[in-house]
Amino acid sequence: MERRVIILILDSLGVGTMEDVEEYHPEDLGANTFCHIIDSIPSINIPNMEKLGINNILNHPALTKKEGPLASYGKLNPMHPGADSFEGHNEIMGTKPKKTYRAPFIDNLQHVKRALEVERFKVTIPKQELPYLLVNDRVIVADNIETDYGQIYNVTGPLDEISYEEVLEIGKCVRQNVKVNRVIALGGENVTSEQLQKVVERRDDGLVGVNSPKSNVYKQGYQVRHLGFGISPENQLPMIAVNAGLDVSLIGKMQDVIYCKGASKFPGVDTEQVMKDIISEMDHIKHGLIAATVQETDLAGHAQNPKRYANRIELVDYYLTSLLNKMTDQDLLIMSADHGNDPTIGHNQHTREKTFLLAYQKKAKSAFLDERKTLSDIAATGADFLQLNKPENGTSFLSLMSKP
């Protein structure tokens with residue numbers, strides 16, 4: 001029997017702080033992204049999400065609470081520490097978060113230099129006062145200066161001068177020799193190695209790295225691969241589905257952060273395009289997985305712009321009409337988020353929050369899915385519905401969804 005799972009992640013749309021927030025990020029105390037957006041924009045118009053049952057989770061006076069919502073509903077607790085999109089998405093797809101450590105790249109610079117030299121790469125340190133590695137006279141290995149302290153190292157290359165495959169090989173060597181959360185191998189066209197070196201900066205907290213927006217690396221021919229610590233794509237829902245012969249589409253930011261050989265990929269940040277791609281893929285994929293991320297919600301959080309945030313949620317809701325109408329009796333829609341990004345909390349970073357959970361089947365009655373321990377329950381439920389092997393992490397809630 002043909003079945004289809006549609007996973008829709010609204011990046012950063014948290015629903016209240018986790019119990020351990022004071023331990024991880026006390027600045028997030030009191031955060032509640034979704035409710036505070038509605039506080040700021042009480043006229044928000046999200047009728048489809050209301051019908052599905054979002055206010056059975058939020059309990060916000062500006063929205064309608066349904067006695068019989070269309071979807072089953074609950075909350076999810078991120079298992080990964082902090083509030084990270086990459087870790088969050090990989091947890092959603094069934095990875096059990098591993099313990100990483102934080103350290104500025106300077107702490108690992110000499111070790112990584114020796115490891116690269118063993119692999120016969122040429123490695124120099126052009127500026128002792130601004131320490132980073134220059135590999136094969138082209139590729140810069142340094143801190144990621146756009147994220148939290150000591151979490152991510154970037155491997156940045158000018159793709160007119162060096163192939164992305166070689167940048168990725170350098171990135172994989174770095175990944176094998178450090179235990180930080182992530183190594184990002186990225187590159188773009190129409191930039192030179194000299195340009196990249198000119199925009200290496202020292203942040204106020206001491207991190208040294210390429211200022212990626214200034215470098216123009218994103219503007220033309222951009223390629224990227226996120227290399228996570230302890231992540232096995234073979235044990236995640238998309239690869240399990242592909243290996244079982246099912247079709248898989250990854251849309252928007254989802255295809256940036258989830259590696260799945262054999263999946264169809266639809267890059268894009270624009271919310272309208274992401275939603276149109278989901279609806280279009282429903283015409284092509286009859287048995288398998290469609291997984292998408294709306295990223296502009298997260299960007300609105302970083303910009304501390306609740307009006308923009310509300311507008312993006314409204315746009316998702318508008319396209320939910322078409323999505324829900326296209327669903328068959330053999331479809332399962334799961335909607336959630338990966339963490340929070342409260343635009344009213346007083347800083348512009350991710351907030352450690354629980355996420356909402358809506359799960360809809362046309363022939364299933366609504367059920368309370370409780371507050372669950374990990375985002376991986378999404379992947380476990382998707383695998384259960386598609387009758388696939390279990391992912392590494394998570395517990396299916398499919399049996400809790402009431403049948404008529």
Side-chain angles (χ1 to χ4, degrees), residues 85-86 102-178 180-228 253 255-257 267-269 295 299 302-303 348:
S85 287
F86 178 79
R102 296 188 182 195
F105 183 63
I106 188 65
D107 287 7
N108 288 291
L109 184 144
Q110 291 295 338
H111 174 68
V112 171
K113 182 176 184 291
R114 288 192 294 271
L116 287 164
E117 289 169 339
V118 167
E119 297 298 322
R120 300 188 182 280
F121 292 105
K122 176 186 176 184
V123 189
T124 59
I125 305 172
K127 297 181 179 180
Q128 294 293 335
E129 72 279 10
L130 200 65
Y132 62 87
L133 298 182
L134 183 65
V135 184
N136 288 357
D137 299 319
R138 299 286 185 268
V139 177
I140 293 175
V141 184
D143 290 297
N144 178 311
I145 59 172
E146 280 90 43
T147 192
D148 287 347
Y149 186 87
Q151 281 194 326
I152 301 172
Y153 302 155
N154 278 8
V155 178
T156 310
L159 299 188
D160 293 326
E161 302 176 7
I162 189 170
S163 72
Y164 180 69
E165 288 69 26
E166 189 168 356
V167 176
L168 184 57
E169 284 306 306
I170 295 167
K172 287 179 178 178
C173 182
V174 177
R175 171 71 285 173
Q176 291 169 1
N177 287 279
V178 297
V180 293
N181 172 289
R182 204 180 338 163
V183 173
I184 304 178
L186 68 152
E189 299 169 356
N190 202 28
V191 294
T192 67
S193 54
E194 289 78 12
Q195 284 176 283
L196 292 176
Q197 292 180 68
K198 285 179 181 177
V199 294
V200 173
E201 298 177 359
R202 185 186 301 277
R203 212 165 72 172
D204 289 344
D205 59 9
L207 294 188
V208 173
V210 174
N211 184 317
S212 295
K214 283 186 182 179
S215 74
N216 293 326
V217 73
Y218 300 136
K219 288 192 174 181
Q220 183 177 319
Y222 177 60
Q223 295 190 60
V224 63
R225 176 88 181 272
H226 295 251
L227 304 171
K253 185 176 180 177
Q255 64 87 39
D256 285 344
V257 294
V269 176
Q295 185 179 355
L299 300 180
H302 287 304
N348 65 355

V210 versus E146, closest heavy-atom pair with distance: O-OE2, 3.8 Å
Flag side-chain contact, heavy atom, 4.5 Å: S212 against N154: yes
For the student: nearest non-hydrogen atoms of Y153 and P104, plus distance: OH-O, 3.5 Å
side-chain hydrogen bond (donor to acceptor under 3.5 Å, both in side chains) assessment of E201 paired with N211: CA-CA 7 Å; E201 298 177 359; N211 184 317; 3.2 Å; yes
Aromatic plane relationship, F86 with H226 - under 30° parallel, 30 to 60° tilted, over 60° perpendicular: parallel
Interatomic spacing from CG in N181 to CZ in R102 - rounded to 0.5 Å: 8.5 Å
Contact check, side chains of F105 and V112, non-hydrogen atoms, under 4.5 Å: yes
CD1-CG distance between I184 and D256, expressed to the nearest 0.5 angstrom: 10.0 Å
Salt-bridge contact E166-R138 (side-chain N to carboxylate O under 4.0 Å): no
Gap between atom CZ of R203 and atom CD1 of I145 - 0.5 Å precision: 7.0 Å
Shortest non-hydrogen contact between V224 and Y164, atoms and distance: C-OH, 3.1 Å
Shortest non-hydrogen separation from Q295 to V269 and the atoms involved: OE1-CG2, 3.6 Å
Between CG on residue L196 and CG on residue N216, distance to nearest 0.5 Å: 9.5 Å
Any donor-acceptor pair under 3.5 Å from D143 side chain to G209 backbone: no
Any L116 side-chain heavy atom under 4.5 Å of N177 side chain: no
Closest non-hydrogen atom pair between G188 and V217, with its separation: N-CG2, 3.3 Å
Straight-line distance of R202 CZ to L130 CG, nearest 0.5 Å: 5.5 Å
Beyond-backbone contact of V167 with I162, side-chain heavy atoms, under 4.5 angstrom: yes
Validation row: D160, T192 side chains within 4.5 angstrom (heavy atoms): no
Between CG on residue L159 and CG on residue N190, distance to nearest 0.5 Å: 11.0 Å
Distance-minimising heavy-atom pair for L109 and I125: CD2-CD1, 3.4 Å
Any side-chain heavy-atom pair of N144 and Q151 under 4.5 Å: no
Charged N-O contact under 4.0 Å between K113 and E117: yes
